[in-house]
There are 2 protein chains.
Amino acid sequence: MEAVRTVSSAPVYTIGELAREFDITTRAIRYYEDQGLLEPIRDGQKRMYRRRDRARLKLILRGKRLGMTLSEIRETFVLYDQAHGHQRQLRYYLGVLEEKREQLKQQRRDIEDALTELEQSYVRCRELLDEQERGDTG
Amino acid sequence: MEAVRTVSSAPVYTIGELAREFDITTRAIRYYEDQGLLEPIRDGQKRMYRRRDRARLKLILRGKRLGMTLSEIRETFVLYDQAHGHQRQLRYYLGVLEEKREQLKQQRRDIEDALTELEQSYVRCRELLDEQERGDTG
DNA sequence: GGTTAAGTTTTCGTTTACGTAAACGTAACA
DNA sequence: TGTTACGTTTACGTAAACGAAAACTTAACC
């Protein structure tokens with residue numbers, strides 16, 4: 001009976017499992033908790049992570065890939081949790097969402113531009129190589 | 001005759017001009033030079049930036065928006081400059097380009113996902129607001 | 001000729017996001 | 001019974017990307 005972890009029906013992960021799954025260190029995961037990004041429950045001393053935590057970890061890593069800081073990521077969590085507030089909060093939240101959207105769109109443009117340039121480099125590079133190969137072997 | 005700066009036909013910028021144009025500090029610009037990302041010429045003590053430097057500054061800022069570190073950005077510059085090398089270099093460069101492309105595509109997926117989620121939040125948020133407004137005023 | 005405005009170098013401080021090591025608990029396994 | 005694997009806390013270290021301040025030069029203006 002080692003499956004205490006799934007007894008209450010909800011799947012639960014250890015810190016090591018998450019670390020392996022997402023290829024990060026346990027240190028990092030604990031740090032995210034320190035910064036208020038994760039809230040695992042405890043089994044004695046040990047941290048146990050539920051689906052919600054795992055989902056958040058995914059969001060954290062995605063945020064990081066997009067260059068967000070941990071506190072920016074935390075803010076999005078906080079905002080999302082507060083989204084069940086009242087009019088003022090909702091209006092404020094709407095504003096933040098619009099800002100975020102503009103920023104994401106800017107990033108998307110940046111990426112499209114970068115990909116275009118990269119593609120050009122790629123083609124030019126291939127051309128040079130083809131030339132050299134024909135010159136050397138043909 | 002203060003236009004010594006454009007006499008040799010190529011436009012040239014001072015550090016302050018660039019700082020204002022891109023809304024960054026002069027400190028940052030000097031720092032980028034320190035890290036080998038910019039190579040302004042000198043007019044006595046003063047730095048003068050040419051089109052190439054300005055273009056690079058744009059690339060630096062775009063890279064930063066995408067979460068790249070300065071040394072990653074510098075590497076892309078170095079690679080680009082080396083692209084006029086020989087076969088080995090070109091093959092290596094091709095590999096790097098492919099890696100970069102995959103990473104950019106991952107970022108693009110991340111952004112699309114984030115935008116989708118954001119859009120959903122936005123809609124739900126509007127719905128809540130509409131409900132409340134009808135409840136309050138209607 | 002005194003004062004702004006913009007530039008320079010040098011140095012020290014700060015924040016972020018962990019890495020690394022110490023020193024320890026616990027459970028499984030030979 | 002010892003060692004291996006995995007977990008814990010605490011504390012110090014570090015790289016990156018500047019900010020801030022000091023102490024100076026140079027050019028422009030009134």
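All chains are named by letter (A, B, ...) in the order of the sequence lines, taking the proteins before the strands, and each is independently numbered beginning at 1.
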> Distance-only criterion, 3.5 Å: show the donor-acceptor pairs between side-chain atoms of residues 94-106 of chain B and protein atoms not counting sequence neighbours.
{"unit_1": "B:E98", "atom_1": "OE2", "unit_2": "A:Y122", "atom_2": "OH", "d": "2.6"}
{"unit_1": "B:K100", "atom_1": "NZ", "unit_2": "B:Q103", "atom_2": "OE1", "d": "3.1"}
{"unit_1": "B:R101", "atom_1": "NH1", "unit_2": "A:E119", "atom_2": "OE1", "d": "3.2"}
{"unit_1": "B:R101", "atom_1": "NH1", "unit_2": "A:E119", "atom_2": "OE2", "d": "3.3"}
{"unit_1": "B:Q106", "atom_1": "OE1", "unit_2": "B:R109", "atom_2": "NH2", "d": "3.0"}
{"unit_1": "B:Q106", "atom_1": "NE2", "unit_2": "B:D110", "atom_2": "OD1", "d": "3.0"}
{"unit_1": "B:Q106", "atom_1": "NE2", "unit_2": "B:D110", "atom_2": "OD2", "d": "3.4"}

> Rounded to the Å, how far apart are B:I29 CD1 and D:dG19 P?
11 Å
> Calculate the interatomic distance between B:L57 atom CG and D:dA17 atom P; express it in whole Å.
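Interatomic distance, CG of B:L57 to P of D:dA17: 15 Å.
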> Provide a list of protein-nucleic acid N or O atom pairs under 3.5 angstrom, restricted to nucleotides 20-25 of chain D.
{"unit_1": "D:dA20", "atom_1": "N6", "unit_2": "B:R27", "atom_2": "NE", "d": "3.3"}

> Of all the heavy-atom pairs spanning A:V12 and A:R50, show the shortest one and how long it is.
CG2-CG, 4.1 Å
> Does this structure show an ion pair linking A:E33 with A:R27, if we count only N-O contacts that are shorter than 4.0 Å?
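The answer is no: the pair does not qualify as a salt bridge.
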> Output every pair passing salt bridge (Lys or Arg N to Asp or Glu O under 4.0 Å) with a member in residues 67-76 of chain A, not counting sequence neighbours, ordered by first then second residue.
none
> Evaluate whether atom CZ of A:F22 has more than 12 neighbouring non-hydrogen atoms of other residues, nucleotides or ligands under 6.0 angstrom away.
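Enclosed: over 12 neighbouring heavy atoms sit under 6.0 Å from CZ of A:F22.
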> B:E33 has an atom CD; how far is it from atom P of D:dC18, in whole Å?
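For the pair B:E33 CD and D:dC18 P, the rounded distance is 15 Å.
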> At 4.0 Å (heavy atoms only), tell me whether B:R47 reaches a base, stays on the sugar-phosphate, or touches nothing.
sugar-phosphate
> Quick one: closest heavy-atom pair of B:Q35 and B:L70, and the distance?
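Looks like CG-CD1, 4.4 Å.
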> Could you list the residues that satisfy side chain to side chain contact (heavy atoms under 4.5 Å, CB included) with A:R30, not counting sequence neighbours?
A:I15, A:T26, A:R47
> Looking at every non-hydrogen atom in both residues, tell me the closest pair between A:R56 and A:L37 and how far apart they are.
CD-O, 3.8 Å
> Could you state the CG-P distance from B:D34 to D:dA17, rounded to the nearest angstrom?
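Interatomic distance, CG of B:D34 to P of D:dA17: 12 Å.
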> What is the distance, to the nearest angstrom, from the CZ atom on A:R20 to the P atom on D:dG7?
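The answer, rounded to whole Å, is 7 Å.
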> Which pair of heavy atoms, one from A:D53 and one from A:M48, lies closest together, and at what distance?
OD2-O, 4.4 Å
> Rounded to whole Å, how long is the line connecting atom CG of B:D43 with atom P of D:dT26?
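Checked: the CG to P distance equals 12 Å.
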> In residues 62-74 of chain B, which ones come under 4.0 Å of DNA chain D, going by heavy atoms?
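Those residues are B:K64, B:T69, B:L70.
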> Under 4.0 Å from a heavy atom of chain A: give me the 5'-most and 3'-most nucleotides of DNA chain C that qualify.
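Listed 5' to 3', the contact boundaries are C:dA17 to C:dT20.
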> To the nearest 0.5 Å, how far apart are CG in B:L90 and CD in A:E131?
10.0 Å
> Decide if atom CG of B:D23 counts as having more than 12 heavy atoms of other residues, nucleotides or ligands within a radius under 6.0 Å.
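Check fails, neighbour count at 12 or below.
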